[in-house]
Every structure is written in C-alpha cells, then in structure tokens.
Amino acid sequence: MLRSAAVRKSLTFFLLKSANTALATLWSFLLAYSLVRIVGLENYAFFATVIAFASLILQADLGISIRLFGRMRQDFLHPGQASREDLGSAAMAALWSYAALAVLATLLFGLAVWAAGLGVEAYRPVYVLLFLGSALPLPWMILRVTANAFDAYVMTETIDFIRRSALFGLTLALLAGLPLMAYSLAFVALWLAGLAVLFALARRRVPLLAQQGLRARRGFSVLRQDLRGIAASAQLSISEFLIYIFPYYAIPLMHRDALALVAFDMFYKVTRFATTAYLTVSETLLPHQTRAWHAGDRAGLWRTLRLAFVLGLVPMLGGAGVIGLFGEQFFGLLLGQAGVVTPAVRVAICVMLVLMLVQTLCGAFLAATGFLAPLARRASLTLAAMLGFAALTAQQGWTVEVFIGGYVALYGCEALSYLVLMIRTIRRHEQGSSPAGSPIGV
C-alpha cells in the first residue's frame, strides 16, 4: 500500500514537472517570438541580455540551497543526526537574505540603466521589471528545496504549475496586444503571489519550517559553521552558471553583429530546455535514489539511475529530431528571418542535447548525495578551458559557429568526467561500507 502511494506520488510529480517543463519552454520561445515582433530583432538582443544578466543574481545563492538540501534530506531520512531547529533557522536566514538581495540588485540595476542610458529609453521601466521577475527565483529556490527535502515536492510543483500557466496565458495576451508595461507588472506580480502561497503552505506542512522559535541570527551562525561544504557548493554553482552564461558577454566582444548573439541565444534556449527536461526526470527519481543511497540499496540505486537515463532519452531524441529535421523552419519562423541559426549551430545543439543528458543526471545525483568538491573541481576546470577558448576565438577572429563548436566539445569533456566520477563513487561504496546514516561529504 505504501509503495503504491509512493508510486502515485512520484507519477503525479512527474506529470506536474513535465507540464512545467513544457510551459517553461513554450513561454521562453513565445516571449522571444513576441518581443522580436514588438521591439525588433536588434532591440531583442538587449532584452535577452537583461534577462541573462538578472540570472547572475541567482548565483548569490552560492550553492547554499544545494548544500542545505543535502543536509535537510539526510535529516529527513535519518532524524536526530542534526538539530532540526538549526537547519530551519538556516533556511529562514537564507530566505530573507535572498529576498532582500533580489530587491537590492533590482534597485542597483535600475540606477545603472538610467545613469548609463542603456537600451531604449521607453523600455527602461520594462527592463527593470523583467530583471526583478528574473531575480525572484532566488528566494523561491530556498523554499522549494526545503519543501522537497521533506517530500513536499508535489505541493511545490502544483504552485509552480499554476504560476506558469498564468504566465503563459499572459504571454499569449502580449502577442495579442497587451502593453509590454502591463505584461511586465503582471510578470512580477505572479512571482510574488507564488512566493507568498508557497511560504504560507510550507510553514504549515513542512516540519522544518513549522517549528516555533526559528531565528535568522542562529541560521547565519549555522551557515558559517558549514563554510567548507558551502565553499565547495558555491564553487560548483558559480562555475556551472558561468559556463552557461558567459558567452552572452563574450560574443558581443568577439562579434559586433547582434545576430551572432541571437544565434547563441537560440542555442542556449534549446539546450536549457534540455536541462529542464532532464531535471524533470532527475527530480522525479532523486527521492528514490537518495533513499537507496542512504539505505545501502545498490541494486535499487542502479535501477533508478538506469531508469532516469531511459526516460531522459525521450526529450533528448525529441529535441534532436525537431532541430535536426525542422530546425531551419523552426528558427526562421521564430525569428522572422532565415539563416540566423546556421546548420553548424543546429548540429552543435543536437550534440549538446546528448551531453547535457549525461551531465545533468550524473551531476544531480552526485550533488544530492554530497559529492560537491569533486564536481566543483571539474566544473572550474571546464570554465577555465572555455574562457581560454573564447580568448583564442577572439584573437583568431573565428566565427560564432567555431566558438559554439569548441564550447560543445569542452562541455562534453565535463559531462564524461561526471559520468566517470559517478560510476567510480558508487562502485567504491559497493566495495566498502554502507553510507546509510553517514555524514554527507564534500
């Protein structure tokens, strides 16, 4: 009976997460389609840069949410090994700090936009609102991982599904003539409403946050005591983020043509769709994988890992099929101009879809079980290699297609290193003692 209930819960989560992935992907492309037609292709490049820059704020998390998830998940599966009140205070300290940081960063961004005269004057309030809406996922991350660590993942995905559905409808209205300013205000309002609902429900339903006497000051002290673990998590989080985002700043320095950045933006959007789709699979099976890991159930662990890769093949093959067979028509329709995303870039997208499946599934499992330091070292080396290759591309005057090709090759090295690390880690534990109840390593 319990197993049947767990299966139903996992299936519900998978369906909700799949729907959210689809909505996120459709929204991303629909927003690009709408903005290109409202502000023009040249001005769209600046909008894309604003949203990408706002994503930098999310790295203020420094991987703390990943680290806290591992500790909270261990506390949920093995109660009593750590002070639940301390972990709850740490989560609250991070939550309020992140909310304040999102607001402060938006204010500073707004001042910079007006002081430097960036973008089109009429769109500057829109830039600021889109920036704020893109920074609000920062406090959302802490609430989400806290709820998910205590198996409340269906609740978080349900709230996100409602928010994303409303946002998608709003973006359709934008295409139909809704003013861009009204859209931007509603975009922020939807995020604030989602945060308020999740916070209220989490305080009632998640044991860690339902406790009385949680203190932010104590939470900061708890985080300081875990600096070694947080440092590894921060290194991993920042390196992985910069791997994805630095081309938005490198390409304009290498190529003055805005279309080069638009081509990478399309590459980024499709491959980020892949990451989101793979995370849907990973997050559905991660509770079962972490249970098997902590219980020393190696057969169950390998079974869920194999299942994750099999399920991940569905979005991978679907995405590669669409881009490989219909990419020219798809991007031509989206951008209103053929030839921006060349055949070489489309091939790179297809290869990247394969590599991201390996990197995402292996990295998510290793991070959730606490192997942050070895992941961080590999990600940092990959980032350094990519930055070096970007400098070489600029020096040699190579095309954006050559840059993207080299980027994919270096990313492939990282993905394979994650796979090797995961296999070695599991086999090492198969030959040694059970990790059940042991501290999460860094």
Side-chain angles (χ1 to χ4, degrees), residues 1-22 24-25 66 69-70 73-74 76-77 144-145 148-154 156-158 160-161 271-321 350 352-371 375 412 414-430 434-436 440:
M1 185 70 177
L2 288 175
R3 183 175 178 83
S4 177
V7 170
R8 285 197 300 272
K9 188 175 183 180
S10 293
L11 180 59
T12 301
F13 173 73
F14 180 73
L15 292 174
L16 283 168
K17 190 70 179 176
S18 298
N20 284 333
T21 299
T25 303
I66 300 173
F69 174 82
R73 185 66 178 167
Q74 182 167 314
F76 176 65
L77 296 174
R144 181 174 174 274
V145 298
N148 287 359
F150 285 78
D151 278 355
Y153 40 85
V154 171
T156 60
E157 288 305 316
T158 300
D160 205 29
F161 175 74
T271 54
R272 289 305 289 168
F273 147 74
T275 300
T276 307
Y278 301 151
L279 283 173
T280 298
V281 173
S282 176
E283 291 181 12
T284 301
L285 294 171
L286 201 56
H288 305 285
Q289 291 170 357
T290 52
R291 282 183 185 275
W293 172 262
H294 287 286
D297 179 9
R298 302 293 172 241
L301 177 58
W302 281 116
R303 184 170 59 252
T304 56
L305 286 170
R306 286 194 296 269
L307 180 58
F309 276 94
V310 170
L311 292 175
L313 286 174
V314 177
M316 186 203 81
L317 293 174
C350 293
M352 193 72 166
L353 294 178
V354 179
L355 298 174
M356 293 186 97
L357 174 63
V358 176
Q359 194 266 9
T360 302
L361 296 184
C362 295
F365 167 74
L366 289 165
T369 49
F371 293 90
L375 288 176
E414 182 195 43
L416 292 176
S417 74
Y418 277 27
L419 177 62
V420 171
L421 175 63
M422 185 186 75
I423 293 172
R424 286 180 176 175
T425 299
I426 296 174
R427 287 181 175 171
R428 189 162 54 244
H429 279 291
E430 286 177 337
S434 168
I440 291 180

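Residue numbers count from 1 along this sequence. When reading the values below, keep in mind they use all heavy atoms of this one structure, side chains included, and skip hydrogens, waters and symmetry mates.
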Donor-acceptor pairs are to be reported for all side-chain atoms of residues 353-366 against protein atoms at under 3.5 Å, with residues two or more places apart or in another chain.
| unit_1 | atom_1 | unit_2 | atom_2 | d |
| --- | --- | --- | --- | --- |
| Gln359 | OE1 | Tyr411 | OH | 3.2 |
| Gln359 | NE2 | Glu240 | OE1 | 3.2 |
| Gln359 | NE2 | Glu240 | OE2 | 2.9 |
| Thr360 | OG1 | Met356 | O | 2.7 |

(request) Keeping to residues at least two apart or across chains, list the salt bridge (charged side-chain N to carboxylate O under 4.0 Å, His left out) pairs with something in residues 356-367. (result) none
(message) Using the ring pair (Phe, Tyr, Trp, His ring centres under 6.0 Å) criterion, which residues pair with Phe273? Sequence neighbours excluded.
(response) none
(message) Walk me through whether Leu15 and Phe161 qualify under side chain to side chain contact (heavy atoms under 4.5 Å, CB included).
(response) CA-CA 10 Å; Leu15 292 174; Phe161 175 74; over 6 Å; no
(request) Measure the CZ-CD1 distance between Arg428 and Ile423 for me, rounded to the nearest 0.5 Å. (result) 12.5 Å
(request) Side-chain contact test, heavy atoms from C-beta onward, threshold under 4.5 Å: evaluate it for Ser10 versus Phe14 and give yes or no. (result) no
(request) Not counting sequence neighbours, which residues clear ring pair (Phe, Tyr, Trp, His ring centres under 6.0 Å) with Tyr418? List them please. (result) none
(message) Could you work out, with side-chain contact (heavy atoms from CB on, under 4.5 Å) as the rule, every residue matching Ala24, not counting sequence neighbours?
(response) Arg164
(message) If I take atom OH from residue Tyr278 and atom CG from residue Leu311, how far apart are they, to the nearest 0.5 angstrom?
(response) 12.5 Å
(message) With rounding to the nearest 0.5 angstrom, report the CG to CG distance, Leu421 to Leu375.
(response) 5.5 Å
(message) Could you work out, with side-chain contact (heavy atoms from CB on, under 4.5 Å) as the rule, every residue matching Asp297, not counting sequence neighbours?
(response) Ala292, Ala299
(message) Under the rule for side-chain hydrogen bond (donor to acceptor under 3.5 Å, both in side chains), what residues qualify as partners of Thr290, not counting sequence neighbours?
(response) Arg73
(request) Only counting residues at least two apart or in another chain, list the ones meeting side-chain contact (heavy atoms from CB on, under 4.5 Å) with Val145. (result) Ser65, Phe69, Met72
(request) Using the salt bridge (charged side-chain N to carboxylate O under 4.0 Å, His left out) rule, collect all pairs that involve residues 274-291, keeping only residues at least two apart or in two chains. (result) Lys17-Glu283, Arg144-Glu283, Asp151-Arg291
(request) Could you check if a side-chain atom of Val281 sits within less than 4.5 angstrom of a side-chain atom of Val314, using non-hydrogen atoms only? (result) no
(message) If you define the side chain from C-beta out and look only at heavy atoms, does anything of Thr304 sit under 4.5 Å from Trp293?
(response) no
(request) Output the distance between atom CG (Asn20) and atom CG (Leu279), rounded to the nearest 0.5 Å. (result) 12.5 Å
(request) Kindly compute the distance separating OG1 (Thr275) from CE (Met352), expressed to the nearest 0.5 Å. (result) 7.5 Å
(request) List in chain and number order the residues that pass side-chain hydrogen bond (donor to acceptor under 3.5 Å, both in side chains) with Ser282, two or more places apart in sequence or in another chain; answer none if no residue qualifies. (result) none
(request) Supply the atom-to-atom distance Phe13 CZ to Leu285 CG, rounded to the nearest 0.5 angstrom. (result) 9.5 Å
(request) Evaluate the side-chain proximity of Phe371 to Met422: yes if any heavy-atom separation is below 4.5 Å, no if none is. (result) no
